[in-house]
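All ligand and atom numbering here is 1-based and tracks the order in the structure.
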Amino acid sequence: MDPTRRNFLVSGAVATTGIAVGSQIDLPPDAQGIWAPGNILNYAAHRLIGKNALAREFTREQISKKPFANGEPPKKGPYAEHQSKNFDTWTLEVSGLVKQPKAFSLAELRAKPTTTQITHLACEEGWSYIAEWTGVPLSNILNEVQLASNAKFVVYNSMEEFWWDSIDLDEALHPQTQISHTMNGAPLPLNHGGPLRMRVPRQLGYKSVKYIHKITVTDSLKHVGNGRGAAGVEYGYAWYNGI
Ligand SMILES: Nc1nc2c(c(=O)[nH]1)N[C@H]1C(S)=C(S)[C@@H](COP(=O)(O)O)O[C@H]1N2
Ligand SMILES: [Mo]
């Protein structure tokens, strides 16, 4: 049997944490190498006890005065070309295991009903900030394009080619997982990922990919990119990192 598709029987491995015996979850895509036990346990624990948990939300007064932007938007290539055209032709293409694939324009996305959340973005490097994010819940988009019955993961790509990531359907359909186009009441600043970024507030900052333009629904991450679910796995980040 293909080991990356094998269900992980949690009963033995997680018994010490008191989690229900006999539950089954899938292995995370980075369940290989020396970090595998930690990656598997963290993912299993969150999926079995915290599946529907909400990320903490804050008050307006708690919004950071100077949010830290981790890097600048690309100065050349396709991103810079879109920037020079005011992002008029930017689209978010949604395809893969969906019944109605579609490319959404920015105008279309901005016209959709929004949710707003004041949440914490924490970088694995130690710094963090609180901001108000407004955008379209990813679940709304996925409902519109209609997931196929074998859909399991949602992969999302940045216009910055070296950055992409993926989440399971629990995370993708979670009410706080958002395609953000607005931050603190203004169009999402470019250094924070404008015109569009993924916001995954239940996980560390690196899952909140900036400059997103492509979403692909799949049943397996094995043949996507490096086969480990995220560019970040190459930089040493766990595929799943719930907080
Ligand atoms: N395209 C892209 N997305 C990205 C990154 C990046 O370098 N490029 N950095 C990630 C990391 S490590 C963090 S902590 C957050 C930082 O978000 P911020 O720039 O709004 O602070 O974005 C994430 N998304
Ligand atoms: Mo980060």
_Atom indices of ligand 1 within 4.0 angstrom of Asn191 heavy atoms, with elements_ = 19 (O)
*asked:* So if I count the atoms of ligand 1 from 1 in the order they appear, which ones are less than 4.0 Å from some heavy atom of Tyr129?
replied: 18 (P), 20 (O), 21 (O)
*Output, in order, the C-alpha distance, side-chain angles, deciding distance and verdict of side-chain hydrogen bond (donor to acceptor under 3.5 Å, both in side chains) for Glu124 and Tyr237.*
CA-CA 8 Å; Glu124 74 297 340; Tyr237 307 155; 2.8 Å; yes
*Heavy-atom contacts with Phe68 under 4.0 Å: which atoms of ligand 1 show up? List them by number with element.*
18 (P), 21 (O)
*Side-chain donor-acceptor pair under 3.5 Å between Gln178 and Thr115, yes or no?*
yes
*Backbone or side chain, does any N or O of Tyr237 fall under 3.5 Å from an N or O of ligand 1?*
no
*Would you check the N or O atoms of Asn70, main chain and side chain alike, for any that come under 3.5 Å of an N or O of ligand 1?*
yes
_Tell me whether Glu125 reaches ligand 1 (any heavy atom closer than 4.0 angstrom to a ligand atom)._
no
*Does ligand 1 have any atom that is closer than 4.0 Å to a heavy atom of Gly71?*
no
_Region of Tyr206 that comes within reach of ligand 1 [heavy atoms, distance under 4.0 Å]_ = both
_Can you tell me if Glu108 has over 12 outside heavy atoms packed within less than 6.0 Å of its CD?_
yes
*Top protein contact for atom 3 (N) of ligand 1, by heavy-atom distance*: Lys210 N, 3.0 Å
*Of all the non-hydrogen atoms in the protein, which one sits nearest to atom 15 (C) of ligand 1, and at what distance?*
Gly205 O, 3.5 Å
_Which residue in the set Thr177, Ile167, Asn241 passes side-chain contact (heavy atoms from CB on, under 4.5 Å) when paired with Lys207?_
Ile167
_Ring centre gap for Tyr79 and Phe87 strictly below 6.0 Å_ = yes
*So which heavy atom on Ser166 is nearest to which on Gly229, and how close?*
OG-O, 2.6 Å
*For ligand 1, which atoms, with element, lie under 4.0 Å from some heavy atom of Glu124?*
12 (S)
*Measure the CG-OH distance between Asp168 and Tyr43 for me, rounded to the nearest 0.5 Å.*
3.5 Å
*Which atoms of ligand 1 have any heavy atom of Ser208 under 4.0 Å away?*
22 (O), 23 (C), 24 (N)
*Among all protein heavy atoms, pick the one closest to atom 10 (C) of ligand 1 and tell me residue, atom and distance.*
Trp163 CZ2, 3.4 Å
For residues 192-201, which side-chain donor-acceptor pairs fall under 3.5 Å, sequence neighbours excluded?
{"from": "His192", "atom 1": "ND1", "to": "Tyr129", "atom 2": "OH", "distance (Å)": "3.2"}
{"from": "Arg197", "atom 1": "NE", "to": "Ser208", "atom 2": "O", "distance (Å)": "3.4"}
{"from": "Arg197", "atom 1": "NH1", "to": "His192", "atom 2": "O", "distance (Å)": "3.0"}
{"from": "Arg197", "atom 1": "NH2", "to": "Ser208", "atom 2": "O", "distance (Å)": "2.9"}
{"from": "Arg199", "atom 1": "NH1", "to": "Ser208", "atom 2": "OG", "distance (Å)": "3.1"}
{"from": "Arg199", "atom 1": "NH2", "to": "Thr119", "atom 2": "OG1", "distance (Å)": "3.0"}
{"from": "Arg199", "atom 1": "NH2", "to": "His120", "atom 2": "O", "distance (Å)": "3.0"}

*Mind checking what makes ring-ring contact (aromatic ring centres under 6.0 Å, His included) contact with Trp35, not counting sequence neighbours?*
none
*asked:* Suppose I only count heavy atoms of Tyr211 and a 4.0 Å limit; which atoms of ligand 1 are within that range?
replied: 1 (N)
_Which option wins on minimum heavy-atom distance to atom 1 (N) of ligand 1: Glu160, Arg197, Met198?_
Glu160
*Check: Trp90 ring centre within less than 6.0 Å of Phe104 ring centre*: no
*How about Thr89 and His82: do any of their side-chain heavy atoms sit closer than 4.5 Å?*
yes
_Give the atom numbers and elements of ligand 1 that come within less than 4.0 Å of a heavy atom of Cys123._
14 (S)
*Part of Trp127 within contact of ligand 1 (heavy atoms, under 4.0 Å)*: side chain
*Relative to the heavy atoms of Ala69, which atoms of ligand 1 are at a distance of less than 4.0 Å?*
19 (O), 21 (O)
*Walk me through it: do Lys102 and Glu93 pass the test salt bridge (charged side-chain N to carboxylate O under 4.0 Å, His left out)?*
CA-CA 6 Å; Lys102 186 172 170 176; Glu93 186 196 309; over 6 Å; no
*Is the closest heavy atom of Tyr79 to ligand 1 under 4.0 Å?*
no
